[in-house]
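Note that the numbering runs from 1 along the sequence shown for the chain.
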Amino acid sequence: MLGGIVIQNTKSQRWVGLISGLILNAFGNALTISANMGSAVWTASAVNYSHWFNLNVGIILFFIGFLNTVTNQVLLRHPDWPRFVGEILYVCFFSYFVNIFAQLFDQIGIGQLPIVIRGILSCLGIIFFCTAISLYQRANILMHPNDDTTNILRFMYLKKSAVAAQLVDFVPPIIAMVISFAVTHNLYAVNVGTIFSILFNGLIIQTADHWVWPTLKHNFKTLGND
């Protein structure tokens with residue numbers, strides 16, 4: 001450890017972790033979207049606010065991502081501009097791949113499958129993107145700003161507990177959905193997949209840390225340099 005930085009893998013290993021995690025994350029999120037049986041909590045909150053304000057959900061997701069990047073700078077307790085820019089870049093690439101996979105799943109008719117199968121696929125999608133989060137959080141080159149929030153909470157504030165970090169991270173979007181429901185009296189994108197995500201996100205990430213590519217360690221850094 002040097003200056004708050006723990007680098008335990010080679011650069012090439014970390015890049016493989018990032019790229020595989022990025023693609024798997026987009027794949028899993030697109031599967032939950034196409035299955036239409038509940039989205040992850042932050043995505044569900046974005047869907048509700050897009051209906052409330054009659055805005056494209058992509059705009060809401062980008063705005064949430066921007067707020068997450070600002071929150072991360074506050075949690076780090078010092079400015080880290082490379083981290084800030086990297087997280088914005090991740091959001092751009094992630095959105096592109098989600099769109100590709102979602103179109104593919106729609107073309108093969110995922111949304112027309114029986115409800116039980118769609119429920120299973122939604123939960124499977126959550127398992128995929130939680131595994132992806134584990135991979136690129138450990139690689140720690142670029143990541144979605146919200147996932148960096150849980151990473152920072154986990155290692156700087158919550159004694160390395162992925163479960164506790166995920167639960168704390170769920171508080172803002174749940175409060176946001178409660179407010180949205182109180183005003184609009186409607187609730188969107190909340191179903192079996194959302195409940196599964198709330199209950200098991202942290203546990204799946206923590207399990208993947210140990211069982212999916214276990215030699216990829218947590219290359220955690222609190223400063224902006226490698």
Side-chain angles (χ1 to χ4, degrees), residues 1-31 40 42 65 68-101 124-166 168-169 200-226:
M1 182 171 178
L2 179 62
I5 305 172
V6 179
I7 303 298
Q8 304 185 74
N9 292 98
T10 65
K11 198 71 170 182
S12 60
Q13 289 173 322
R14 294 172 65 201
W15 273 103
V16 171
L18 166 64
I19 294 170
S20 60
L22 170 61
I23 295 173
L24 187 60
N25 190 20
F27 182 91
N29 272 279
L31 187 57
W42 279 98
N68 283 146
T69 61
V70 174
T71 300
N72 293 343
Q73 298 297 303
V74 173
L75 290 173
L76 287 168
R77 299 192 290 265
H78 60 77
D80 187 340
W81 295 114
R83 195 177 198 135
F84 184 93
V85 173
E87 290 173 1
I88 296 298
L89 287 174
Y90 185 94
V91 171
C92 295
F93 284 111
F94 170 73
S95 301
Y96 175 76
F97 283 113
V98 167
N99 187 56
I100 290 176
F101 285 125
L124 186 61
I126 289 164
I127 291 172
F128 284 149
F129 74 63
C130 286
T131 301
I133 291 169
S134 167
L135 288 170
Y136 64 67
Q137 278 187 339
R138 282 180 279 159
N140 200 19
I141 298 174
L142 296 177
M143 67 179 76
H144 192 285
N146 179 244
D147 298 321
D148 195 27
T149 303
T150 61
N151 218 25
I152 294 167
L153 288 170
R154 178 179 181 181
F155 286 96
M156 292 183 66
Y157 297 92
L158 297 171
K159 300 179 179 179
K160 300 184 180 181
S161 173
V163 175
Q166 284 291 315
V168 171
D169 185 61
F200 297 111
N201 256 41
L203 180 61
I204 296 169
I205 293 169
Q206 198 157 273
T207 301
D209 285 350
H210 293 95
W211 292 100
V212 179
W213 194 2
T215 56
L216 180 65
K217 303 299 182 181
H218 276 284
N219 297 275
F220 182 71
K221 61 183 186 298
T222 59
L223 300 179
N225 54 319
D226 263 348

Exercise. Between CZ of F128 and CZ of F101, what distance do you get to the nearest 0.5 Å?
Worked result: 11.0 Å
Exercise. More than 12 heavy atoms of other residues, nucleotides or ligands under 6.0 Å from CZ of F84: is that the case?
Worked result: yes
Exercise. So V6 and K217, side-chain contact (heavy atoms from CB on, under 4.5 Å) or not? Walk me through it.
Worked result: CA-CA 10 Å; V6 179; K217 303 299 182 181; over 6 Å; no
Exercise. Side chains of N9 and R138: does their closest heavy-atom pair fall under 4.5 Å?
Worked result: no
Exercise. Which distance, rounded to the nearest 0.5 Å, do you find between the CG of N29 and the NE2 of H144?
Worked result: 8.5 Å
Exercise. Any idea which heavy atoms bring L135 and L216 closest together, and the distance?
Worked result: O-CD2, 3.6 Å
Problem set entry | Gap separating the CG atom of L142 from the CG atom of L18, nearest 0.5 angstrom | 5.5 Å
Exercise. Nearest 0.5 Å, what's the CD1-NZ distance between I141 and K11?
Worked result: 5.0 Å
Exercise. Can you tell which of T150, D147, D209, D148 makes a side chain to side chain donor-acceptor pair (under 3.5 Å) with Q137?
Worked result: T150
Exercise. Do you know which two heavy atoms are closest between N201 and F129, and how far apart they sit?
Worked result: ND2-CE1, 4.1 Å
Exercise. How far does SG of C130 sit from CD1 of I205, to the nearest 0.5 angstrom?
Worked result: 4.5 Å
Exercise. Is there a side-chain contact between Y157 and I152 (heavy atoms, below 4.5 Å)?
Worked result: yes
Exercise. Are any of the side-chain heavy atoms of I126 and F200 separated by less than 4.5 Å?
Worked result: no
For this session: For G21 and A132, work out which heavy atoms get closest and say how close.
Result: O-CB, 3.1 Å
Pairs of donor and acceptor atoms involving the side chains of residues 69-76, under 3.5 Å and at least two apart or interchain, shall be tabulated with distances.
from	atom 1	to	atom 2	distance (Å)
T69	OG1	F66	O	2.5
T71	OG1	L67	O	2.9
N72	OD1	T149	OG1	2.5
N72	ND2	N68	O	3.3
N72	ND2	E87	OE1	3.1
N72	ND2	E87	OE2	3.4
N72	ND2	P145	O	2.9
Q73	OE1	D80	N	2.6
Q73	NE2	D80	O	3.2

Exercise. Among all residues two or more places apart in sequence or in another chain, which pass the side-chain contact (heavy atoms from CB on, under 4.5 Å) test with V16?
Worked result: W213
Problem set entry | Contacts of type side-chain contact (heavy atoms from CB on, under 4.5 Å), residue F155, not counting sequence neighbours | N151, K160, H218, F220
Exercise. Could you go step by step and tell me if N140 and M143 meet the side-chain contact (heavy atoms from CB on, under 4.5 Å) rule?
Worked result: CA-CA 7 Å; N140 200 19; M143 67 179 76; 3.1 Å; yes
Problem set entry | L158 side, atom CG; L153 side, atom CG - distance, nearest 0.5 Å | 5.5 Å
For this session: Dump the intermediate steps for side-chain contact (heavy atoms from CB on, under 4.5 Å) on L22 and Y90, then the final yes or no.
Result: CA-CA 8 Å; L22 170 61; Y90 185 94; 3.5 Å; yes
